[in-house]
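All figures in this text were calculated on a predicted structure; none of them were measured in a lab.
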Amino acid sequence: MANTTSIKLSDELKEKVSTLAQGVAQTPHAYMVEAIAERVARDEKRRAFVDDAQRSLAEFRRTGVAYTHDDVMSYFLAKAGGKNPRRPKPIKVPRARR
């Protein structure tokens with residue numbers, strides 16, 4: 001169920017929203033709801049990306065397992081070229097360099 005929320009817009013922003021909404025055959029309300037939903041989705045993706053990166057870094061610091069840039073790039077370029085290359089071999093990074 002939808003709840004009502006009020007937002008205050010400057011006259012200038014309200015006019016821009018109204019003009020742009022008309023240009024895409026939407027009501028100003030629908031335009032704003034869609035804009036907010038798109039922003040929320042984008043911010044959720046960013047948060048998930050950062051969370052994944054933090055987990056990956058923690059795993060690397062715990063294990064020291066990594067892959068060289070050259071090996072990974074060669075693998076992806078071969079995959080993109082339709083080949084079936086072997087996966088890169090992991091290397092162990094010394095604890096002092098983690």
Side-chain angles (χ1 to χ4, degrees):
M1 178 175 185
N3 294 316
T4 300
T5 300
S6 297
I7 60 172
K8 294 181 181 182
L9 303 176
S10 67
D11 290 339
E12 180 182 353
L13 182 56
K14 188 174 180 179
E15 183 62 35
K16 286 179 181 181
V17 167
S18 181
T19 301
L20 291 169
Q22 286 176 356
V24 292
Q26 286 184 312
T27 65
H29 173 82
Y31 186 86
M32 289 185 284
V33 168
E34 185 177 299
I36 292 169
E38 288 175 4
R39 175 67 184 261
V40 167
R42 186 182 72 206
D43 289 349
E44 285 175 336
K45 282 183 181 180
R46 179 177 294 279
R47 178 178 288 165
F49 177 78
V50 170
D51 289 347
D52 287 346
Q54 289 173 338
R55 280 191 299 278
S56 180
L57 179 58
E59 179 72 7
F60 166 71
R61 286 184 173 153
R62 185 180 68 76
T63 65
V65 173
Y67 299 87
T68 68
H69 177 265
D70 289 342
D71 288 348
V72 171
M73 287 304 296
S74 294
Y75 175 79
F76 281 122
L77 289 173
K79 285 293 260 187
K83 298 177 184 169
N84 192 17
R86 288 186 182 177
R87 294 181 130 206
K89 292 188 187 266
I91 60 171
K92 184 82 168 180
V93 176
R95 197 169 280 284
R97 292 183 58 204
R98 295 184 214 167

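Between the side chain of Ser56 and the main chain of Asp52, no donor-acceptor pair closer than 3.5 Å is present. Looking only at distances, a side-chain donor or acceptor of Lys92 sits under 3.5 Å from a matching main-chain atom of Thr63.
Minimum heavy-atom separation, Pro88 to Tyr67: O-CE2, 3.4 Å. Between Lys79 and Pro85, the shortest heavy-atom distance links the atoms CD-CD, 3.6 Å.
Salt-bridge annotation for Glu12 and Lys16: present, with a side-chain N of the basic residue lying under 4.0 Å from a carboxylate O of the acidic one.
The hydrophobic cluster containing Leu57 also contains Val93, counting ILVMFWY residues as joined when their side-chain heavy atoms lie under 4.5 angstrom apart, directly or transitively. One hydrophobic cluster, built from ILVMFWY side chains closer than 4.5 Å, cannot hold both Val65 and Ile91; they sit in different ones. The hydrophobic cluster containing Val17 also contains Ile7, counting ILVMFWY residues as joined when their side-chain heavy atoms lie under 4.5 angstrom apart, directly or transitively. Cluster membership for Leu20 and Leu13, using ILVMFWY side-chain heavy atoms within less than 4.5 angstrom, is shared.
Summarising the local packing, CG of Asp11 is surrounded by 12 or fewer heavy atoms from other residues, nucleotides or ligands at distances under 6.0 Å. For Arg98, the CZ atom sits in a packed shell: over 12 heavy atoms of surrounding residues, nucleotides or ligands are nearer than 6.0 Å. More than 12 heavy-atom neighbours from other residues, nucleotides or ligands sit within 6.0 angstrom of CZ on Phe60.
Screening Arg46, Lys45, Arg39, Arg47 for a side-chain hydrogen bond (donor to acceptor under 3.5 Å, both in side chains) involving Asp43 leaves a single residue, Arg39.
Note that the OG1 atom of Thr27 and the CD atom of Glu34 stand 10.0 Å from one another [nearest 0.5 Å]. Note that OG1 of Thr19 is 10.0 Å distant from OH of Tyr31, once rounded to the nearest 0.5 Å. Between atom CE of residue Met32 and atom NZ of residue Lys14 there is a gap of 8.0 Å, rounded to the nearest 0.5 Å.
Cluster partners of Ile36 are Val40, counting Ile, Leu, Val, Met, Phe, Trp and Tyr whose side-chain heavy atoms approach within less than 4.5 Å, directly or via other members.
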